[in-house]
Structures are given as structure tokens and as C-alpha cells.
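Here's the structure we're looking at; comments come further down.
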Amino acid sequence: MQKPIQYVGGELNAQVKPWDDVAVHWALMYPDAYEVGLPNQGLMILYEVLNERPDALAERTYAVWPDLAGLMREHGVGQFTVDAHRPVREFDLLGVSFATELGYTNLLEALDLAGVPLHAVDRDESHPVVVAGGHAAFNPEPVSDFVDCAVLGDGEQVVGDMTDVVAAWKEQGRPGGRVELLARLARVDGVYVPRFYAVTYGADGTIAEVLRTRDDVPARVGKRTVMDLDEWPYPKQPLVPLAESVHERMSVEIFRGCTRGCRFCQAGMITRPVRERTITGIGSMVDAGLKATGYEEVGLLSLSSADHSEIGQLAKELADRYEGTNTGLSLPSTRVDAFNVTLANELSRNGRRSGLTFAPEGGSERIRRVINKTVSKEDLVRTVTTAYANGWRQVKLYFMCGLPTETDEDVLEIAELAVEVIRAGREASGSKDIRCTVSIGGFVPKPHTPFQWASQASAETIDHRLKVLREAINADRRIGRSIGLRYHDGKPGVIEGLLSRGDRRVGRVIERVWRDGGHFDGWSEHFSYDRWQTAAAEELAAFGLDLDWFTTRERTEHEVLPWDHLDSGLDKEWLWDDWQDAISEDEVGDCRWTGCYDCGVCPTMGTDIQIGPTGRSLLPLTVVR
Ligand code: B12
Ligand code: SF4
């Protein structure tokens with residue numbers, strides 16, 4: 001088998017607690033290969049929070065590569081955890097984190113390998129409660145046949161509440177069996193148990209209503225939000241992978257939520273309001289994390305890190321603290337803003353100025369108004385040029401294609417922009433040795449965003465636009481060779497679209513694809529569009545629907561959406577108005593600075609945005625050189 005190291009466990013900071021010492025056992029799964037799943041912060045946090053409880057333990061499991069899966073089936077070995085190599089089937093709960101919907105077939109594969117019935121209704125008390133979490137769980141309807149619960153929002157507190165429920169039910173002798181346990185879990189804030197909600201459909205295929213089937217569960221399920229992040233400084237002891245992984249650095253989340261209002265961004269919408277960690281909190285997490293891991297790079301993570309209200313001071317103080325050491329600091333992709341170059345310069349005091357990443361997302365100013373990510377072409381060119389002038393050699397620009405109202409012209413402007421960036425960059429840096437990489441992917445409309453009603457562009461449209469873009473970039477070879485183009489074809493995006501905005505009827509498609517051999521759909525070498533297309537055509541025909549109905553069809557204002565009974569805190573009317581503003585190319589500001597525009601989140605949650613200035617500074621720590 002390939003890379004056996006990924007199943008071994010025993011990483012630095014991994015934990016194995018004695019099974020019989022605790023009441024509740026959690027298996028936590030990232031439904032992708034170890035190299036992608038191990039660095040996942042969400043699961044790392046829950047792993048530590050649960051293991052800190054004296055009455056619980058948590059162990060990790062990842063998607064098994066097909067080579068080992070074959071051997072496991074041949075030898076009767078079930079899906080196991082990497083920590084103590086215990087069978088997943090024996091745990092009380094199996095928590096699965098979905099950052100992307102393309103992980104759904106891997107859930108089915110893991111359940112099957114574990115010997116857990118695929119369908120929640122076929123499970124009994126001896127089987128784990130299968131819990132979905134992460135951003136995709138904000139519309140878990142496509143996987144509602146396979147999961148027992150979905151958790152909306154932040155996990156830190158809710159996993160503790162769920163552990164209490166399971167512990168009490170076991171202690172009491174499991175009264176009422178599995179159904180009673182699920183009913184108790186359904187009464188925990190943020191926990192949705194799909195089997196207690198019945199969906200009916202109208203003649204046109206749309207949802208008529210979603211009604212709860214018991215009156216002791218909430219009619220609408222709200223999300224969980226950790227309001228004081230400083231109280232939850234996790235992971236305190238980040239895991240250090242044994243094998244190469246996609247993210248070889250330590251990450252410290254500096255805030256959650258985002259109020260920029262980019263209309264395509266599900267993460268920004270569902271994680272409101274903004275909650276900042278204080279400078280002191282971040283400073284001690286960086287210090288403790290480095291000591292616990294030996295990492296030499298720290299990423300300051302969030303949805304838009306340069307927007308932390310004290311980022312300038314934070315960057316300077318961290319750079320001062322680690323000056324002359326081997327510790328490097330970095331920010332993930334940022335908005336296009338000259339200030340971000342200054343920040344990156346500050347953070348790179350210790351290291352090389354290799355690459356900087358900006359995310360303008362839309363090719364033309366017009367489309368950037370539609371998506372509410374306003375930056376003028378001049379500012380963009382100026383910012384990137386400043387980066388080259390400051391010694392950065394490589395700039396990566398992220399774009400999307402297939403955005404609502406987009407035309408070929410909007411996408412072609414990306415080529416003009418890249419050419420201009422290189423021309424101006426060569427002039428400013430006095431060097432021909434600079435590169436600009438354009439990275440572009442198809443846009444997928446997501447639930448709980450203003451674009452949840454939009455028609456998704458077809459794979460043909462995306463592929464056509466990418467083709468004209470490629471031709472335009474290659475038109476002038478003298479400049480074109482300094483421009484790299486990285487793109488994904490339109491097909492996986494269509495399937496992601498089906499899974500993102502799908503309803504319960506899509507579950508049959510997922511199951512069929514998995515039965516036909518589908519898994520690791522996020523990997524181009526495993527993804528088969530034909531397999532998905534055939535499964536969708538055949539399974540959805542029973543309902544008189546097809547793939548287009550779920551993807552390229554524009555929804556109407558009052559259509560009941562599959563996730564309407566799941567509450568992200570945003571008002572549906574506000575989302576609709578924002579969708580109309582998008583079509584009219586009207587922008588909204590960032591409510592952190594321009595005042596509240598009534599998206600609904602703060603009043604629903606009885607809270608407020610939390611930003612600095614806090615007046616604090618980093619603790620004076622002694623750094624080991
Ligand atoms: C670092 C990162 C990556 C890294 C590392 C991924 C990894 N293994 O973790 C890399 C670069 C590999 C990556 C890849 C991708 N990413 Co990424 N990534 C991020 C980023 C910047 C941080 C994620 C993070 O650590 N968040 C902080 C943690 C604490 O939050 P969390 O994981 O959501 O977990 C909390 C809750 O959701 C909940 N929870 C999570 N799981 C579970 C499970 C249970 C059982 C329970 C109860 C609760 C629970 O509890 C946690 C604690 O509160 C986010 C943006 C962001 N700030 O969130 C994007 C983001 C998650 N990525 C995104 C995307 C699209 C991708 C890719 C699909 C990109 C691509 N086209 O290839 C791939 C998918 C990879 C894969 N196959 O899974 C999107 C998700 C889109 C969406 N659903 O809206 C995001 C939100 C960025 C964005 N704005 O678009 N990514
Ligand atoms: S309720 Fe107002 S202040 Fe709060 S996130 Fe929404 S728009 Fe911003």
C-alpha cells in the first residue's frame with residue numbers, strides 16, 4: 001500500500017486515553033486523505049477539547065486510500081482510528097468535518113468500511129451516532145439519510161453538551177434506545193436531527209414544506225457561536241504530521257467571522273458576527289504552539305486576516321519578537337490593498353520574499369461590484385506593483401469564473417490585468433524576473449448567501465471562458481511567459497453545486513455514485529464526471545428532476561430552500577435584497593466600519609461585533625534563539 005505512515009498515529013501531541021476510564025468515546029474524521037485532513041484546525045480543536053474532559057476521549061480517523069481499503073475488505077479489518085487503532089464501529093459518536101461537499105462519498109466509504117449501516121434509520125444502539133459538522137453542514141440535506149445529526153456553527157462548546165447528553169443516557173441504562181438519544185441530542189442548541197423533520201414536495205418539484213415530526217424538537221435549528229475566542233485558545237498543542245501534508249505550518253486563528261459582505265462567500269456569511277482574539281491571546285498562542293510543536297512557520301489564519309483591527313501592531317510586535325530567529329510569519333491570501341503589502345513586508349523581515357497572494361476574485365470592476373469585492377483596476381495594479389518594487393518576485397491572483405451576470409468580457413479583463421501587472425511590475429522592480437500566477441476556478445453558489453438563488457454557470461460556459469482567457473494570456477508571448485494560469489475545469493464545480501444546494505433527493509445520487517466506485521471526488525484523478533452525470537440522470541428521473549434543475553436553475557424569491565429551517569442568523573429578506581443589489585451592481589460597506597445594515601445576525605444572537613482597539617500589547621516573552 002502507498003504511504004503506510006499515514007495510518008500509524010503517534011504524532012507529536014497525539015493522545016491515547018484508556019478506553020475504560022471514560023464514559024463517552026468520539027471518533028473524529030476528516031473525510032479526505034491524511035495529508036489533507038491532519039492540518040485541519042477544526043478537528044484538531046475538537047480533539048483537544050474532548051480529550052481534556054475526564055469523562056471522554058477522542059481519536060482521529062481519515063479517509064483510507066483505495067489500495068488499503070481493498071486489503072481491509074479482504075482481511076475483514078474495519079475502518080480504524082490512527083491513535084489507538086480501534087475500530088470506529090465501537091465508538092459512541094463519529095464526528096465528521098465537512099469543509100467541502102466533495103467529501104460526501106468518502107463518508108459512505110468510511111461507514112461501509114467501519115461496518116456501520118449506511119442509512120441512519122438502519123442503525124441501532126450498538127452503532128455510533130454519526131454527526132456532520134463544518135461549513136457544509138449548514139445544508140446537510142443531501143447527506144441526511146446517512147448522518148444522524150448535523151451541527152451548525154462553532155464546535156467547541158456543542159461537543160461538550162453532546163458528550164453530557166450521551167454520558168447521561170448511557171448512565172441511565174440507555175432509556176428509549178437510539179431514538180430517545182437522538183431526541184435528546186436534537187434539543188441541544190445547534191444540533192439538527194434530520195429524521196425528526198419531514199419534507200414534502202409540490203408538483204413542480206420544489207419543496208412544499210419542512211415540518212418537524214415531534215414537538216419536542218425545535219421548528220428551526222440555530223447555529224452555535226463561540227463569543228469569546230480568548231476563552232478557547234485551541235489548539236494549544238497542535239498535531240505535527242508524520243508524513244508530508246498540505247499545510248506545513250502552525251496556524252493561529254486570529255478572528256472568526258467576516259463582515260466584508262462578499263456575496264459569493266458562504267464562510268463569511270455563516271460565521272458572523274466578527275469575533276477577534278486579543279493581541280495578548282494571539283501572542284501567547286503563537287508562543288505556546290511553537291514550543292509545543294517545533295514548527296518554524298506560523299500562519300495568522302482567518303477569513304480576511306489583514307482586517308483584524310489591530311493587525312498592524314500585531315504584525316510589528318510578532319516580527320520584533322521573532323527577529324533573528326528561524327521563525328517565519330505569514331498571512332493567507334488577502335484583499336488587494338497596499339496596506340497588505342506593508343504587512344507582508346513586516347512579517348517577512350526574517351525570511352525570503354517569495355510569493356504574495358491576493359484575491360480580487362472578479363475580473364472586471366463591474367463584476368467586482370456584483371460580488372461586492374470592490375477594488376479598482378488602478379488600485380489593483382498599484383498594489384501588485386508595490387509588491388514587486390518591495391522585492392516580492394511572485395504574485396498569485398485568485399479569481400472566479402461563472403459569477404452571476406458575468407460575460408466573456410468580464411473574464412477577458414483578467415488577461416488585460418495580468419499583462420498590465422507584469423508591465424508595471426517589470427518597470428517598478430527593474431527586473432524581468434517576476435511572475436504573476438492567475439489561479440481561477442468555477443463559482444459555485446452556496447446556501448445562506450445572496451447568491452443562493454442564482455443560476456450556476458454550466459460546465460461548458462466555464463470551460464469556454466477559461467479557453468478564451470488562456471488564449472488572451474498567450475497572445476503576447478513576451479509578456480505571457482511571465483504569467484502562469486492555473487485553473488480547474490468546470491465539471492467538478494457542477495457536482496459541487498448539486499451537493500451544495502441539493503435536497504434530500506440528492507442522497508440517492510451520492511449513494512449510487514459511491515456504489516459505482518466513486519470516492520475522493522476532490523482529487524482530479526479519482527473524480528469521474530460521467531459517473532456523477534449518469535447517477536444524477538438515472539436517480540433524479542424518478543422525481544422528474546435532473547442535474548440542471550439543481551444547478552443552472554435560478555430560484556424564485558419565495559421558493560422554500562432546502563436549508564430554510566436551518567438558521568444561520570441571516571434574514572432571508574436581507575439576503576434577497578442583497579441579491580437584488582448584486583444584480584443592480586450596488587455595493588454594501590463593511591458593517592464594522594460603516595454601520596449596521598441589518599443582516600439580522602447580531603439581533604438574532606443577542607450580541608454585537610467584537611473588535612479592538614483593546615489597548616493591549618504582546619506579553620514580553622523571552623524567545624529562544
Ligand atoms: C486552511 C484552509 C485550507 C487548507 C487546510 C485544509 C484543512 N485540512 O484544514 C487547504 C489549503 C488545504 C484548504 C483546502 C481547501 N479549502 Co480551505 N480553507 C482554509 C481556511 C483558510 C481555514 C480553515 C480553518 O482552519 N478554519 C478554522 C476552523 C477552526 O474552523 P472549522 O474548520 O470550520 O471548524 C469549526 C466548525 O466548523 C466546527 N466543526 C468543524 N468540523 C466539525 C465536526 C463536528 C463533528 C462538529 C460537531 C463541529 C465541527 O467546529 C470547529 C471549531 O469551531 C478556511 C477559511 C476559514 N477561515 O475558515 C478555508 C475554507 C474552509 N476552504 C475552503 C475551500 C473551498 C477549500 C477547497 C475546496 C479549495 C479547493 N478548491 O481546492 C480545499 C478543500 C480541501 C479538502 N479536500 O478538504 C472554503 C470552504 C467553502 C465553503 N464551504 O464555503 C473556505 C471557508 C474558504 C473560503 N472562504 O472559501 N483549505
Ligand atoms: S446585524 Fe448589522 S452589525 Fe451585525 S453583522 Fe449584520 S449588518 Fe453587521
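Read the numbers this way: they start at 1 and go in the same order the structure lists the ligands and their atoms.
A distance of 7.5 Å separates NE2 in His127 from CZ in Arg178, rounded to the nearest 0.5 Å.
In this model, a donor atom of one side chain and an acceptor atom of the other lie less than 3.5 Å apart for Tyr192 and Glu141.
Salt bridge Arg275/Glu156: absent, no basic N to carboxylate O contact under 4.0 Å. A salt bridge is defined here as a Lys NZ or Arg NE, NH1 or NH2 lying under 4.0 Å from an Asp or Glu carboxylate O, and Arg60 with Glu11 meets this definition. The pair Glu101-Arg501 does not meet the salt-bridge criterion, since no charged nitrogen lies less than 4.0 angstrom from a carboxylate oxygen.
Around atom 6 (Fe) of ligand 2, protein atoms of type N, O or S found under 2.8 Å number 1.
Annotation for Val240 and Tyr295: closest pair CA-OH, 4.0 Å, computed over non-hydrogen atoms. When all heavy atoms of Gly134 and Ser97 are compared, the closest pair comes out as CA-OG, 4.5 Å.
A heavy-atom cutoff of 4.0 Å around ligand 1 is satisfied by the protein residues Tyr30, Asp32, Val36, Asn40, Gln41, Gly42, Ile45, Leu46, Gly95, Val96, Ser97, Ala99, Thr100, Val131, Gly133, Gly134, His135, Val151, Gly153, Asp154, Gly155, Glu156, Val159, Val246, His247, Glu253, Arg256, Cys265, Gln266, Ala267, Leu301, Ser302, Leu303.
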Using atom types as modelled, flag every donor-acceptor pair under 3.5 Å from a side chain in residues 484-495 to any protein atom, sequence neighbours excluded.
residue	atom	partner	partner atom	Å
Tyr487	OH	Arg470	NH1	2.8
Asp489	OD1	Lys491	N	3.0

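Sorted by first then second residue, the salt bridge (charged side-chain N to carboxylate O under 4.0 Å, His left out) pairs that include residues 229-245, not counting sequence neighbours, are Glu52-Lys236.
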